[in-house]
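Below is one structure, written out as structure tokens; the observations come after it.
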There are 2 protein chains.
Amino acid sequence: MARQKGIGTRRAAGNGGETRLSRAAVGRFSLYLRHLEPFEREGVDTVSSRRLAQELGLTDAQVRKDIAFLGSLGHRGVGYPTRDLIAALRRRLGIDRQWNVAVAGVGNLARALLRYRGFKQQGFRIVALFDADPAQIGRRVEGLEVHAPDALGRIIGQSGAELALLTVPADAAQGVADGLVAAGIRGILNFAPVVLRLPKHISLVAVDLAIQLEQLAFLVDRQGKG
Amino acid sequence: MARQKGIGTRRAAGNGGETRLSRAAVGRFSLYLRHLEPFEREGVDTVSSRRLAQELGLTDAQVRKDIAFLGSLGHRGVGYPTRDLIAALRRRLGIDRQWNVAVAGVGNLARALLRYRGFKQQGFRIVALFDADPAQIGRRVEGLEVHAPDALGRIIGQSGAELALLTVPADAAQGVADGLVAAGIRGILNFAPVVLRLPKHISLVAVDLAIQLEQLAFLVDRQGKG
DNA sequence: GGATGTGAACGACTTCACAGCG
DNA sequence: CGCTGTGAAGTCGTTCACATCC
């Protein structure tokens, strides 16, 4: 609707060199990072694109293309220095520093996330909890006090949280998300099965568990047929 | 590696008409389905591609292309009948029947999934629980007994579970997955942060929470810069 | 008029294939 | 020789634009 008409979308000259960093590639960066971290501890100080590809189920060319976005840190005939590669990945992913995280909705999912060691390991620190249930407010979960929704603005500001995990019921999600945005949160990881409407400057990643399970059912169903 | 060389991968004739159903499209099917179900209850008996697109943040052309995979069930000048569209989506997703699901690893994440109403609503029924912790074995969670890992073969067979949710710690994941496969499971939804190696005939969907949070950090980081 | 269905254009991502260099 | 880095080719998915039909 209301897009451009005919010739329109011409870009600079030819196709140049610089391709943009694709979203899919960013997901693989996390994969590389997690896979490399044990290597560093085990003293594997060099890794080839072939090895990474095989162990992660990718092609070697793709691994090299991805890593090329981090700069020229490989050595021809040898491979990539594990240490440098990890550092470059962390920098590129924006996790070469600590991120403070708020959690809205303290149910089982939130508790699972609170105990998940992977977050802390990658520099994510959960600093604030919120729940609408009066029975939860004031209680402590994993050492953190649960706050009422009307404390969002104050507590988010104090805690320095920039990211939020949204684990409230579907019908409350949009309202709570709006509150988080008003409180100054910059990005939301949404677990509620609804499509959130947020201002453009707020980043959003959605994880929908029912959709994943449906995808699995589809694949199995398909496997059974042709 | 060890791929084909030159001419290789030729496909039937030209490019014909039939395009394959993309993975991304399947994910959107779930989205459409969830969005449409309330409409049916509210008596909205027709819906246009434009409306769906706007409410889900897509383009109308994409919605039409997706729905075209389900057959020609729209009426020009009118839209799609909600009821038919829902039925076609469920059939295509393979959820026009019940799926029995086993859960391996009864931690907080599993408990969250057990309570998640969206699963049951879409025809997924959790029928068996497993955990390696002796303190859990024999206890009941949400009405289901927790079984020891060595009962996998017997219980999976009895319960008729075809899908499994894998919510065990990373270092146990591959071993438990192998056990699930040996027990006759046909698809695994993996929450452990490892890349599983499975036989080709077993379907796999992976949900990695740390990766999602890292994506969010990347987006926020990027938004802050250029 | 209004909305579907769809070839064609477009753009994004992946793989190929090889030059370049340690 | 082995492995990286990268244009070029290929594949896949999305958007455009319009014929078509109620």
Side-chain angles (χ1 to χ4, degrees), chain A residues 1-29 32 45-54 56-82 84-85 88, chain B residues 1-12 14-29 31-32 45-54 56-82 84-85 88:
Chain A
M1 299 121 234
R3 293 289 160 85
Q4 297 200 8
K5 264 289 284 298
I7 330 109
T9 347
R10 204 76 60 79
R11 274 295 135 78
N15 65 351
E18 267 299 291
T19 319
R20 266 268 184 296
L21 187 49
S22 80
R23 169 116 182 202
V26 177
R28 285 192 302 271
F29 282 167
Y32 299 146
D45 57 311
T46 297
V47 68
S48 69
S49 57
R50 180 124 91 99
R51 175 170 183 184
L52 269 176
Q54 282 182 339
L56 294 173
L58 304 168
T59 66
D60 51 344
Q62 179 156 66
V63 172
R64 288 199 295 278
K65 267 266 155 82
D66 285 345
I67 294 179
F69 274 110
L70 306 171
S72 273
L73 36 78
H75 297 294
R76 290 167 197 247
V78 182
Y80 302 92
T82 312
D84 296 0
L85 190 45
Chain B
M1 275 122 260
R3 293 288 160 85
Q4 298 199 7
K5 263 292 282 300
I7 332 107
T9 345
R10 204 75 60 81
R11 273 296 134 77
N15 65 352
E18 268 298 290
T19 320
R20 269 267 183 296
L21 187 50
S22 79
R23 168 116 185 203
V26 177
R28 286 193 299 271
F29 281 167
L31 219 55
Y32 299 147
D45 58 312
T46 296
V47 68
S48 68
S49 56
R50 181 122 92 96
R51 177 171 182 183
L52 269 177
Q54 281 182 340
L56 294 172
L58 305 168
T59 67
D60 51 346
Q62 178 155 68
V63 172
R64 289 199 297 277
K65 266 269 156 81
D66 285 345
I67 294 178
F69 274 110
L70 305 171
S72 272
L73 36 79
H75 299 293
R76 291 168 196 247
V78 182
Y80 302 92
T82 313
D84 297 359
L85 190 45

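Remember, predicted model here, so these are calculated numbers, not experimental data. All chains are named by letter (A, B, ...) in the order of the sequence lines, taking the proteins before the strands, and each is independently numbered beginning at 1.
Listed nucleotides: C:dA8, D:dT6, C:dG5. Nearest to the side chain of B:Lys65: C:dA8. In this structure, the nucleotide among D:dT15, C:dG5, C:dT15 sitting nearest to the side chain of B:Gln62 is D:dT15. Listed nucleotides: D:dG13, C:dA3, C:dA17. Nearest to the side chain of B:Ser22: D:dG13. With D:dC18, C:dT15, C:dT14 as the candidates, the nucleotide lying closest to the side chain of A:Ala61 is C:dT15.
Remark: B:Ser49 is not in phosphate contact with C:dA3, judged by side-chain N or O atoms under 4.0 Å from OP1 or OP2. For A:Tyr80 and D:dG5, the shortest distance from a side-chain N or O to OP1 or OP2 is below 4.0 Å. Within the 4.0 Å cut-off from OP1 or OP2 of C:dT15, at least one side-chain nitrogen or oxygen of A:Thr59 is found.
In terms of the side chain to side chain contact (heavy atoms under 4.5 Å, CB included) criterion, residue partners of A:Ser48 (sequence neighbours excluded) are, by chain and number, A:Arg50, A:Arg51. By the side chain to side chain contact (heavy atoms under 4.5 Å, CB included) test, A:Thr82 pairs with A:Leu36, A:Phe39, A:Glu40, A:Ile86, sequence neighbours left out.
Spacing between atom CZ of B:Phe69 and atom P of C:dT4 amounts to 17 Å, rounded to whole angstrom units. Between the CD1 atom of B:Ile67 and the P atom of C:dA3 there is a distance of 14 Å, rounded to whole Å. Rounded to an integer number of Å, the gap from CD of B:Gln54 to C1' of C:dG2 is 14 Å. Atom CG in B:Leu52 sits about 13 Å away from atom P in C:dG5, given to the nearest Å. In this structure, B:Arg64 atom CZ and D:dG13 atom C1' are separated by 16 Å, rounded to whole Å. Atoms CZ (B:Arg50) and P (D:dA17) sit 16 Å apart, rounded to a whole Å. Atom pair B:Leu58:CG and D:dT15:P shows a separation of 8 Å (rounding to whole Å applied). Look at CG on A:Asp60: it is 13 Å from P on D:dG5, rounded to the nearest Å.
Rounded to 10°, the angle separating the first-five-pair axis and the last-five-pair axis of the helix from C:dG1-D:dC22 to C:dG22-D:dC1 equals 0°.
To the nearest 0.5 Å, atoms CG (B:Leu85) and CG (B:Asp45) are separated by 12.5 Å. Taking CZ of B:Phe29 as the reference point, atom CG of B:Leu21 lies at 5.0 Å (rounded to 0.5 Å). How far CG of A:Asp60 is from OG of A:Ser49: 5.0 Å, rounded to the nearest 0.5 Å.
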For nucleotides 20-22 of chain D, print each protein N/O atom paired with a nucleotide N/O atom at under 3.5 Å, atom names and distance only.
{"from": "D:dT20", "atom 1": "O2", "to": "B:Arg76", "atom 2": "NH1", "distance (Å)": "2.5"}

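At the heavy-atom level, A:Arg28 lies under 4.0 Å from the strands shown only through sugar-phosphate atoms. Within the nucleic acid shown, B:Leu73 comes within 4.0 Å of sugar-phosphate atoms alone, with no base atom in reach, counting heavy atoms only.
Partner of A:Val63 under the side-chain contact (heavy atoms from CB on, under 4.5 Å) criterion, out of A:Val47, A:Leu56, A:Leu58: A:Leu58 alone.
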Please report, to 0.1 Å, the donor-acceptor pairs under 3.5 Å made by any side chain of residues 66-79 of chain A, with sequence neighbours excluded.
{"from": "A:Asp66", "atom 1": "OD1", "to": "A:Arg28", "atom 2": "NH2", "distance (Å)": "3.0"}
{"from": "A:Asp66", "atom 1": "OD2", "to": "A:Arg28", "atom 2": "NE", "distance (Å)": "2.6"}
{"from": "A:Asp66", "atom 1": "OD2", "to": "A:Arg28", "atom 2": "NH2", "distance (Å)": "3.3"}
{"from": "A:Asp66", "atom 1": "OD2", "to": "A:Tyr32", "atom 2": "OH", "distance (Å)": "2.6"}

